[in-house]
Protein chains: 2
Amino acid sequence: MSSTHTHSKKSQSLTKNQRIVLDLLQNSGEPLKAYFILDSLKKEGLNSPLQVYRALDKLVELGKIHKIESINSFIICNNSNCAKNTAFTICERCGKVKEIKNRDLTGGVSDLVKDNQLEITRYNLEFYVLCKSCKIN
Amino acid sequence: MSSTHTHSKKSQSLTKNQRIVLDLLQNSGEPLKAYFILDSLKKEGLNSPLQVYRALDKLVELGKIHKIESINSFIICNNSNCAKNTAFTICERCGKVKEIKNRDLTGGVSDLVKDNQLEITRYNLEFYVLCKSCKIN
DNA sequence: TCACATATGTAATAATATAACACTTAGAGG
DNA sequence: CCTCTAAGTGTTATATTATTACATATGTGA
Ligand SMILES: [Zn+2]
Ligand SMILES: [Zn+2]
Ligand SMILES: [Zn+2]
Ligand SMILES: [Zn+2]
C-alpha cells in the first residue's frame, strides 16, 4: 500500500451512476430499457435520460454490459472477454434473452470470417429462437 | 386472361406506397432511414411517418428489404431467399454496408447452430469491419 | 352485390436518444 | 499543498425513431 508505485486506480473505479446502473442490470439479469432503468433509479437520484445513457455508454465501452440492438435494451455481460462483441438468442415468443457463451462461438464465427475473407473488428449476432418452455406450450 | 382460373394476384402486387418506397431503396442501394425516405417521397405524396413505416413493415415482411437494427436503417435485399434472415458488414469508419451473400453464410451459420444446439427461426448478423478504402486511408 | 381483409390518410403521442452548457470531482504531477 | 486536466454530473431542451387510434377507402373473392 505504502509503496511508491502509482498503482493507478484504473479498472475498479466506477462512478456512482455507473455503479447503480450496473448493479440494477446485474441484479435483474434480464434486458432492460433505458427509460425503465431511469424510472427504477429515480429513488437513487437519477433524474434525466442523459444520466442513464452516459452510464450505459461507459459500461458498454468497458464490456460490462451489452446493448441488444433489435430490442433497444441493455443486459449484463454473462461472459468474459466479449470485448464489444455480442451474441444472443432471443425467444420469438416470450422475449427471453440468453447470451451465447463465447467459447461456443469463437470457432464458428472465425470460420465464417475466414470463409468470407472479412476483417472483422467486432460483431453483433442475434439469433431468434423458440425457447424450451415456449416450444412445449 | 379470360380463363376461369383465378391466377391470384399474389406476389407482384405492391401497393402504390409500397412501390415508391421500394423503388427509392432499390435506386439508392444504400441504407436509408425512415424519415429520410419520408422527406424524399413528400413529392410523391407521402405525408406521414406512418405511411412510410407501414410500407417498410410490409416490404420487410415480404423479404424485399431488410432493417439494419444497429443503425435504424433499411436497405434493399441483395440476395434471394433471405426470408427474414439478415447478414451485413458495416464499415466502422465510413458506414458503408454490404449484404453478405447467403450462399457464403449458410454453411457457417448452420455449423454455429449445430454446435450450439439452437433451433433458430431467424437471425440478424452484423459484422463491423474496416472496408477496403477505409483500410488504405 | 356483399363481406372481408388490407391499405390509406391524418392527427396525436410515445419511446428512444442526443446537444449544449455550466459546474464538479478525482487523479496526475510538480 | 497546488494546479492542471480529463472525466463525470446535473439540467434543460430538443432531435430522432416509432406507434396508437380512428375514420375512410379499395380490392378480391363468394
Ligand atoms: Zn458478453
Ligand atoms: Zn420463450
Ligand atoms: Zn437479403
Ligand atoms: Zn469504410
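Quick note on labels: first sequence line is chain A, next is B, and so on, each numbered from 1.
Here B:K67 reaches the OP1 or OP2 of D:dA18: one of its side-chain N or O atoms lies under 4.0 Å away. For A:K33 and C:dT16, the shortest distance from a side-chain N or O to OP1 or OP2 is below 4.0 Å. Distances shown here put a side-chain N or O of B:N72 below 4.0 Å from the OP1 or OP2 atom of D:dA18. Using a 4.0 Å cut-off, some side-chain N or O of A:N47 falls inside it from OP1 or OP2 of D:dT11. Taking 4.0 angstrom as the limit, B:T15 places a side-chain polar atom (N or O) nearer than this to OP1 or OP2 of C:dT8.
The stretch residues 39-46 of chain A does not touch DNA chain C, since none of its heavy atoms comes less than 4.0 Å from the strand. A heavy atom lying under 4.0 Å from DNA chain D marks none of the residues of residues 20-31 of chain A. Non-hydrogen atoms lying under 4.0 Å from DNA chain C are contributed by A:Y53, all within residues 51-60 of chain A.
With sequence neighbours excluded, no residue satisfies salt bridge (charged side-chain N to carboxylate O under 4.0 Å, His left out) with B:K84. In terms of the salt bridge (charged side-chain N to carboxylate O under 4.0 Å, His left out) criterion, A:D57 has no residue partners (sequence neighbours excluded). The side chain to side chain contact (heavy atoms under 4.5 Å, CB included) test applied to A:T89 returns A:K98, A:I100, A:F127, A:V129, B:L118, not counting sequence neighbours. A search for ring pair (Phe, Tyr, Trp, His ring centres under 6.0 Å) contacts involving A:F74 returns nothing, not counting sequence neighbours. Qualifying salt bridge (charged side-chain N to carboxylate O under 4.0 Å, His left out) partners for A:R93, counting only residues two or more places apart in sequence or in other chains: none. Applying the side-chain hydrogen bond (donor to acceptor under 3.5 Å, both in side chains) criterion to B:N79, with sequence neighbours excluded, gives B:E99. For B:K42, the salt bridge (charged side-chain N to carboxylate O under 4.0 Å, His left out) test picks out B:D39, with sequence neighbours left out.
The nearest pair of heavy atoms linking A:C77 to A:G63 is CB-O, 3.6 Å. Shortest non-hydrogen contact noted between A:S73 and A:K33 is OG-CG, 3.4 Å. Listed here is the closest heavy atom pair of B:N17 and B:A55: O-CB, 3.9 Å. A:A83 and A:H66 make their closest contact through O-CE1, 4.1 Å (heavy atoms, listed as atom of the first residue, atom of the second, distance).
For the pair A:I37 CD1 and C:dA15 P, the interatomic distance rounds to 16 Å; values are reported in whole Å. Taking atom CG on A:L38 and atom C1' on D:dG10, their separation rounds to 13 Å, with Å as the unit. In this structure, B:N17 atom CG and C:dT10 atom C1' are separated by 13 Å, rounded to whole Å. Distance B:R19 CZ to C:dA7 C1': 16 Å, rounded to the nearest Å. One interatomic measurement links the two molecules: CD1 of A:I71 to P of D:dA18, which rounds to 15 Å at whole-angstrom precision.
Not one N or O on the side chain of B:N27 forms a donor-acceptor pair closer than 3.5 Å with the backbone of B:L25.
Over its length, the helix from C:dT1-D:dA30 to C:dG30-D:dC1 turns its helix axis by 40°, as judged from the five terminal pairs at each end, rounded to 10°.
Surrounding CG of B:N81 are at most 12 heavy atoms belonging to other residues, nucleotides or ligands under 6.0 Å away. At most 12 heavy atoms of other shown residues, nucleotides or ligands fall within 6.0 angstrom of atom NZ in A:K132.
B:P31 pairs in a side-chain contact (heavy atoms from CB on, under 4.5 Å) with only one of the listed residues (B:I90, B:I76, B:I68), which is B:I68.
The shortest side-chain heavy-atom distance between A:V21 and A:L46 falls under the 4.5 Å cut-off.
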Nucleotide N/O of nucleotides 11-14 of chain C paired with protein N/O under 3.5 Å:
none

